[in-house]
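Okay, so here's the structure we're looking at.
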Amino acid sequence: MGGVPSTPRFADSRPQDTAEYLIATFVGEKSFPLASDFWQKLLELPLSLHWPSHRVHQACEAFAQNNCYTRHLAKILIHLTWCLQECISSSGTASVAIMKAINAVYISSVFLKYLIENAESENFEELHLSLDESEPLPKEFVLDQNIENLVMHSVLSFIALVDVSPHTYNLHQELLNFMLVAMSTQLLSVPSLGPKDVHPFIDAAMTEESSLVCSVVRRLLLNYITRPRISVNSSSYSIFSEENQPGVLQRVGSAAATIVLLPFNYLVSSNGEGSSNPLTDCSLLVLLVLIHYHKCVENDESITDRSDDSATSDSLAKSSTHFTVNPYCNALENARDIEFGHMDLEGNAHSGPVVRLPFASLFDTLGMYLADETAVLLLYSLVQGNSGFLEYVLVRTDLDTLLMPILETLYNASKKTPNQIYMLLIILLILSQDSSFNASIHKMILPSVPWYKEHLLHQTSLGSLLVIILIRTVKYNLSKLRDVYLHTTCLATLANMAPHVHRLSAYASQRLVSLFYMLSRKYNKIADRRDDKKGNLTEQDSFAEDMSAELHIYTDFLRIVLEILNAILTYALPRNPEVVYAILHREEVFQPFKSHPRFNELLENIYTVLDFFNSRLDAQRVDGEWSVEKVLQSIIINCRSWRGDGLKMFTRLYFSYEQESHPEEFFIPYVWQLVLSRCGFSFNPSAINLFPVDLPVKVSVVISSESVMEESNDDGEPNKHQNGELNEQRVNIDP
């Protein structure tokens with residue numbers, strides 16, 4: 001950066017020279033009081049300074065060295081607060097205040113980001129978010145005000161209260177970027193949060209009153225739904241500069257693009273998917289960061305006991321912690337459709353502010369952009385946490401709006417991240433917990449499915465396509481991911497759907513029987529490997545234990561498939577002749593397991609059905625070969641006389657999804673991976689502790705009824721990180 005240049009004569013100097021002086025002064029050793037006219041010159045002067053990255057880095061280093069004495073970060077944040085308050089009072093029409101606010105928030109973001117990613121203290125003391133006691137203060141400012149609370153309140157208030165317009169668009173964009181930078185302190189923490197973790201800005205956001213929180217959540221979601229854009233021909237341009245052209249903030253006289261060309265330039269997702277709308281994307285990312293944050297605090301009794309320095313006291317303090325309620329998550333989960341009045345779905349009036357949204361527009365927007373991973377996470381957050389939105393989805397008659405992009409994404413699983421696949425499968429599992437959903441998807445007929453290439457799907461029901469894609473996902477997982485949780489979720493969804501299957505297509509029926517065959521081959525390979533190694537005494541114990549555990553898992557899978565087939569044959573056989581035909585056609589795949597103690601009762605039912613229809617076919621046999629059409633026609637006729645005699649009634653298999661007690665250990669790293677991949681601002685990789693920089697974060701779940709289902713890593717070892725639970729329940733059905 002070099003020494004601070006001498007003060008130019010503003011009237012005679014070029015703006016570039018003035019900018020050079022002002023920025024050098026801002027990062028230099030001299031401290032300027034809050035009331036100094038230096039701040040007005042810095043924030044009001046049209047700057048046109050372009051520095052290469054190494055000069056920006058030098059400026060940041062000088063600022064970090066001197067900020068502890070000058071407290072210029074705290075002071076510019078206070079000026080940002082004042083500018084925003086003026087903007088709010090004028091409803092966003094004060095152009096000078098908006099320009100000053102844009103300058104202030106951009107300068108703050110650049111230097112705040114550097115301080116965060118180079119912080120070494122646990123409490124981010126390097127930020128020095130306070131003023132020296134000897135600091136001369138304006139009358140309207142109180143020294144003991146919490147600066148992070150002050151600035152976050154002003155930022156959130158502007159976002160919530162001032163509409164997005166051509167005049168305010170740039171400031172809205174910059175404030176969202178600032179929030180992501182300010183909340184990026186989480187990147188320096190480990191996933192397991194503790195009471196000592198401090199994140200000044202997001203912690204401040206969590207203390208806001210519910211009325212402001214609801215307004216912020218509503219505004220961020222409306223930004224996502226309405227997707228505001230600013231025409232190039234209007235007074236505003238793209239918020240960040242590219243390498244070969246100046247950005248809007250230089251054009252409108254802001255300091256933003258003048259300090260650095262690309263401090264954290266917005267980049268569209270490299271795969272071309274998503275909305276390609278900076279304000280929309282940042283609004284959603286800020287919302288996801290806010291709703292998935294959890295603050296761990298100590299209980300009152302543990303705080304008292306900490307006066308004792310003994311190991312027992314330390315242990316007590318560690319265990320006596322809890323997570324505070326996240327007001328943003330709470331606001332999202334209690335959001336209601338704007339079409340309803342002030343009564344909720346049960347007819348009870350809500351106490352306190354409630355987010356009211358156009359669920360119809362939100363539903364349609366999600367359906368259009370589910371190719372983007374952030375939209376998938378938002379949909380998951382809504383259907384998992386908001387019962388009102390889930391019910392709205394379930395009563396829609398155009399479920400294909402959501403399901404078709406979900407199924408197409410799963411069809412292209414090899415091009416997607418594992419986390420995106422997992423989120424989509426959990427969404428399907430949650431939907432399948434509703435019997436009306438399982439029934440309605442078989443009533444919707446799709447004329448064609450052009451993206452499905454393996455087989456021509458013509459006049460196929462949405463339910464049949466869902467069965468096909470789930471089975472295809474299991475097949476893909478067997479060969480590529482080898483993830484037990486993925487198997488579990490697919491099979492759980494199929495099990496929930498099974499009793500409600502209606503006119504399953506021939507291709508879907510064939511794939512269902514082939515699913516048993518695929519899993520049985522895997523089962524047999526594991527059994528053979530275990531038997532082959534029994535002669536090796538040195539490896540026998542450990543290897544046999546591993547093989548037995550894996551064999552037990554696949555035994556569970558095979559049993560679930562048999563229960564799926566049983567549920568169809570027990571509750572829906574007359575409506576599914578194609579399933580009967582597929583079982584008749586491949587009955588040999590069941591033969592090796594007839595005597596298996598885990599399968600014999602279920603297979604007795606299947607063979608009861610086989611015997612019934614085989615005897616009818618034998619009685620009707622005449623000279624000549626049976627054609628497919630003739631066999632199927634005979635099955636259809638005999639389905640009418642089927643009464644289920646001889647079938648053993650099993651309790652219905654049912655799976656439900658519940659989040660694990662500490663979901664933040666998965667979701668906080670996952671959200672920040674999305675932030676870094678979509679907002680494009682580079683963060684020092686060596687400073688990131690939240691997730692392995694070069695390795696994807698993966699999620700797994702638990703089946704709670706019989707055995708633990710664990711994810712396998714590339715070495716075949718189980719990964720015990722958990723995000724949620726699949727609860728298997730037995731629903732008794734009277735025959």
What closest approach, in Å, do [X] and [Y] show between heavy atoms, and which atom pair accounts for it?
| X | Y | value |
| --- | --- | --- |
| Leu77 | Leu129 | CD1-CD2, 3.8 Å |
| Leu332 | Ser381 | CD2-CB, 4.1 Å |
| Asn223 | Pro228 | O-CD, 3.4 Å |
| Leu676 | Phe683 | CD2-CB, 4.1 Å |
| Ala205 | Met152 | CB-CE, 4.0 Å |
| Ala371 | Gln420 | O-NE2, 3.4 Å |

Between [X] and [Y]: side-chain donor-acceptor atoms closer than 3.5 Å:
| X | Y | answer |
| --- | --- | --- |
| Asn277 | Asp281 | no |
| Thr417 | Glu373 | yes |
| Glu664 | His292 | no |
| Asp398 | Thr401 | yes |
| Ser165 | Thr168 | yes |

Any sub-3.5 Å donor-acceptor pair from [X]'s side-chain atoms to [Y]'s backbone N or O?
| X | Y | value |
| --- | --- | --- |
| Asn689 | Leu188 | yes |
| His79 | Leu34 | yes |
| Ser184 | Val181 | yes |
| Asp203 | Val198 | no |
| Asn334 | Asn330 | yes |
| Asp434 | Phe437 | yes |
| Asp400 | Met444 | no |
| Glu117 | Asn684 | yes |
| Lys100 | Leu80 | no |
| Glu333 | Asn386 | no |

- request: Anything under 30° is parallel, anything over 60° is perpendicular, the rest tilted; go ahead and classify Tyr657 against Tyr380.
  value: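 Perpendicular: the ring planes of Tyr657 and Tyr380 meet at over 60°.
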message: Once you measure the plane-to-plane angle for Phe38 and His72, does it fall in the parallel (<30°), tilted (30-60°) or perpendicular (>60°) bin?
response: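 The arrangement is parallel - the two ring planes meet at less than 30°.
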Give a yes or no on whether the ring-centroid distance for [X] and [Y] is below 6.0 angstrom.
| X | Y | value |
| --- | --- | --- |
| Phe63 | Tyr114 | no |
| Trp672 | Phe691 | no |
| Phe26 | Phe111 | yes |
| Tyr670 | Phe666 | yes |

field: Geometric cation-pi criterion Arg227 and Tyr224, 6.0 Å radius, 45° cone
entry: yes
Less than 4.5 Å apart, any side-chain heavy atom of [X] and any of [Y]?
| X | Y | result |
| --- | --- | --- |
| Leu402 | Ile427 | no |
| Leu212 | Ser157 | yes |
| Met179 | Leu156 | yes |
| Phe667 | Ile291 | no |

- request: Kindly determine whether Arg336 and Leu357 satisfy side chain to side chain contact (heavy atoms under 4.5 Å, CB included), including the steps that lead there.
  value: CA-CA 6 Å; Arg336 290 294 177 260; Leu357 296 164; over 6 Å; no
- prompt: Around atom CZ of Arg219, are there more than 12 heavy atoms of other residues, nucleotides or ligands at under 6.0 Å?
  reply: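 Counting other residues, nucleotides and ligands, CZ of Arg219 exceeds 12 neighbours.
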task: Count the heavy atoms belonging to other residues, nucleotides or ligands that lie under 6.0 Å from CD of Gln40, then report whether that count exceeds 12.
output: yes
task: With side chain to side chain contact (heavy atoms under 4.5 Å, CB included) as the test, would you mind laying out the steps for Leu382 and Leu390 before giving the verdict?
output: CA-CA 7 Å; Leu382 286 165; Leu390 175 59; over 6 Å; no
- request: Begin with the C-alpha distance, continue with both residues' side-chain angles, and end with the deciding distance and a verdict on salt bridge (Lys or Arg N to Asp or Glu O under 4.0 Å) for Asp197 and Lys295.
  value: CA-CA 8 Å; Asp197 290 321; Lys295 176 67 175 176; over 6 Å; no
task: May I have the step-by-step check of side chain to side chain contact (heavy atoms under 4.5 Å, CB included) for Phe178 and Leu112, ending in yes or no?
output: CA-CA 9 Å; Phe178 170 81; Leu112 175 61; 3.8 Å; yes
message: Apply side chain to side chain contact (heavy atoms under 4.5 Å, CB included) to residues Gln384 and Ile426 and explain how you reach the verdict.
response: CA-CA 9 Å; Gln384 190 276 328; Ile426 292 172; over 6 Å; no
